[in-house]
Amino acid sequence: MQRCPHPSSVCTPTRYALLTGRYCWRSPLKKGVLVPPKDKPLIENDRPTLASFLKKQGYRTNMVGKWHLGMGWALDENGQVDFQGKISDTPVEKGFDHWFGVAASLDMVPYTMIRDHEAVSQLTETQPNQPFPRYTRKGPKGPDFDPGDVLDDLAKEADLVIADSAKSKAPFFLYLPLTGPHKPVWPHERFVGSTELGPYGDFVHQVDHTVGLVLESLEKHGVADDTLVIYTSDNGSFMYRRKDSQQHHLANPGDQGYRPSDHQSNYHWRGTKADIYEGGHRVPFLVRWPEKAKAGSVSKKTITLTDIFATVAEMTEGPLPEQAEDSYSFLNSLLGKEKASRPPVIHHSANGTFAIREGDWKLILSSGSGGRQRPLGKPFEQGYQLYDLHEDPQESNNLIEERPEIAKRLEKAFAKIARDHKTSQ
């Protein structure tokens, strides 16, 4: 396990960073996430991705799960989106041999599974708007599409990919971005009541079970020992921390909050998904690699998801593309051979607020959360925040007045990182 503050606190930019080794704020997407079908593909077809890189190294590349990086939807004779038409710019054009999954989050259109370039069912029904926890937005839906089945469908497809790859004896890369525990909170009926923590707890349980199925598949097909498995998340939980006197999801499943006396959603970190605070960025990063990584070992080196690209490049002895400009290998950490830390990590929130993290010091270049917690603040709005995450992991004591020299140094470091690389307009 490593200390892993992610590059963004919402999903589209984090997925972009993972697959390209580049901060998403260098792309045209400066805040928020993509929303199908109006948004265009974010990754250019000529930009190297983790998948296209590994394909050149002789790997079979498959994606199973949530994309959310934009696609090219077909249009009918009236210029309207035709979800039944052939889709362009899917993961297949970004380096994957095959893809089976959903276009974006499971609360977004279209409500159907997609295989490579086509929806797998006719969208003859309409999914209605629903409130939390089974949060969905109105849109076209396949008659056989049930959000409660999707995690099972992804696990079954992943098993087929692993079985076929093991049989071929060729090295393989499986990118498996699950649809949960993102909204809609929709556990399969066999998991309902499996915990004492309501629908959200049941759903998290199902996500853990799904990961377990994938690990079992690796064992069953004889490839577990020499396969590197990375398990992490794209951002922190969307659940709010409530006071004991407030409404919460165990008393009312429609409430999007929890009491720390019942359980922790984002551990003790401040904020939630979308925020610049640690609750939006600090997530588990677990690795299983029996032949190389010592079980139970922990690294305190700071990494982020952009770094997977450089790490894989070093593992495969392939040249890291210069376009993966924000990626730094942590292979030595996996092998128990610690060395100097990477340059500072840049964080980005839902509204475009930046923070820079160097060791235990974190400078937020805004006066607010940059996401959901009030005050929201605006990017580069004065009233900057400086926290010592070792002494103050909850980010409750702003040291901007007491340690101006550290704030000034980090602000200069941020400007240099942003200036030294080309940023798309």
Side-chain angles (χ1 to χ4, degrees), residues 5-14 16-17 22-35 39 42 234-238 240-241 256 266 268-283 302 304 306 326 343-425:
H6 276 355
S8 177
S9 54
V10 285
C11 55
T12 294
T14 304
Y16 178 94
R22 181 178 188 241
Y23 289 129
C24 189
W25 47 267
R26 302 195 193 281
S27 81
L29 184 67
K30 307 302 182 185
K31 61 181 180 179
V33 301
L34 300 185
V35 179
D39 286 321
L42 187 59
D234 51 359
N235 46 248
S237 171
F238 52 73
Y240 292 100
R241 183 181 287 107
Q256 197 172 315
N266 283 325
H268 58 217
W269 313 121
R270 181 181 181 180
T272 73
K273 170 181 177 175
D275 292 342
I276 199 67
Y277 298 123
E278 292 296 283
H281 290 266
R282 185 83 73 94
V283 298
T302 299
T304 193
T306 59
D326 299 304
V345 171
I346 305 299
H347 301 301
H348 205 218
S349 77
N351 80 347
T353 289
F354 286 99
I356 179 169
R357 164 78 178 276
E358 182 181 60
D360 290 318
W361 287 105
K362 178 178 177 182
L363 175 67
I364 297 174
L365 301 166
S366 172
S367 62
S369 74
R372 302 164 75 213
Q373 303 276 13
R374 297 187 181 279
L376 304 182
K378 298 178 181 179
F380 303 109
E381 182 177 69
Q382 284 303 314
Y384 288 2
Q385 305 163 67
L386 178 68
Y387 299 107
D388 179 350
L389 296 178
H390 177 72
E391 298 295 333
D392 177 30
Q394 287 83 25
E395 297 171 283
S396 59
N397 183 23
N398 185 359
L399 299 175
I400 195 74
E401 299 293 337
E402 291 87 341
R403 302 302 302 270
E405 76 285 359
I406 293 177
K408 181 179 290 187
R409 173 171 59 79
L410 291 177
E411 191 171 359
K412 287 183 178 179
F414 166 77
K416 184 177 188 302
I417 292 171
R419 182 182 66 247
D420 285 353
H421 300 270
K422 294 180 180 179
T423 303
S424 299
Q425 299 299 319

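Side chains included, hydrogens not; waters and symmetry mates left out as well; all remaining heavy atoms used.
Residue Gln382 places its CD atom among more than 12 non-hydrogen atoms of other residues, nucleotides or ligands, all under 6.0 Å distant.
With a 4.5 Å cut-off on side-chain heavy atoms, Leu389 and Arg357 count as touching. Side-chain contact between Asn235 and Ser8: absent, with no pair of heavy atoms (C-beta onward) separated by less than 4.5 Å. Side-chain contact between Phe414 and Leu365: present, with at least one pair of heavy atoms (C-beta onward) separated by less than 4.5 Å. With contacts defined as side-chain heavy-atom distances shorter than 4.5 Å, the pair Gln373/Thr272 qualifies.
Distance check, rounded to the nearest 0.5 Å: CD of Glu405 to CG of Leu410 gives 10.0 Å. Expressed to the nearest 0.5 Å, how far CD of Gln256 lies from OH of Tyr240 amounts to 6.0 Å. For the atom pair CD1 of Ile364 and CG of Leu386, the computed distance is 9.0 Å after rounding to the nearest 0.5 Å. We find the CG-CD distance between Asp275 and Glu395 to be 9.5 Å, quoted to the nearest 0.5 Å. Note that the OG atom of Ser367 and the CD1 atom of Ile400 stand 11.5 Å from one another [nearest 0.5 Å]. In this structure, Arg282 CZ and Arg270 CZ are separated by 14.5 Å, a value rounded to the nearest 0.5 Å.
Although no hydrogens or angles enter the test, the distance criterion places no donor-acceptor pair under 3.5 Å between the side chain of Asp392 and the main chain of Tyr387. For the pair Ser369 (side chain) and Gly371 (backbone), a donor-acceptor distance under 3.5 Å is present. Side chain of Ser9 to main chain of Gly280: no donor-acceptor pair is present (N/O by atom type, distance under 3.5 Å, no hydrogens or angles). With hydrogens and angles ignored, the 3.5 Å screen pairs a side-chain donor or acceptor of Tyr23 with a backbone N or O of Ile346. In this structure a side-chain-to-backbone donor-acceptor pair under 3.5 Å is missing from Arg372 to Gly271. Not a single donor-acceptor pair under 3.5 Å links the side chain of Ser366 to the backbone N or O of Gly377. In this structure, Thr14 contributes its side chain and Asp234 its backbone to a donor-acceptor pair below 3.5 Å. The backbone N or O of His6 lies less than 3.5 Å from a partner atom in the side chain of His281, making a donor-acceptor pair.
For Arg403 and Asp388, the salt-bridge test fails: no basic side-chain N is under 4.0 Å from an acidic carboxylate O.
The minimum heavy-atom distance between Ile276 and Gly368, with the atom names listed, is CG2-O, 3.9 Å. Heavy atoms only, all atoms of each residue included: Val10 and Ala350 are closest at CG1-CB, 4.0 Å. The shortest heavy-atom contact between Pro344 and Ile417 is O-CD1, 3.9 Å. Nearest heavy atom pair, residue Val33 against residue Pro13, reads CG1-CD, 4.3 Å. In plain terms, the two heavy atoms of His268 and Pro393 that are nearest each other are NE2-CB, 3.8 Å. The minimum heavy-atom distance linking Trp25 with Lys30 is given by the pair O-NZ, 3.0 Å.
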Practice task
Could you please spell out the steps behind the side chain to side chain contact (heavy atoms under 4.5 Å, CB included) verdict for Arg26 and Asp326?
Solution key: CA-CA 10 Å; Arg26 302 195 193 281; Asp326 299 304; 2.9 Å; yes

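If you run side chain to side chain contact (heavy atoms under 4.5 Å, CB included) between Ile406 and each of Lys408, Arg409, Glu402, only Arg409 comes through. Each of Lys362, Gln394, His347 was checked for a side-chain hydrogen bond (donor to acceptor under 3.5 Å, both in side chains) with Glu278, and the lone residue meeting it is Lys362.
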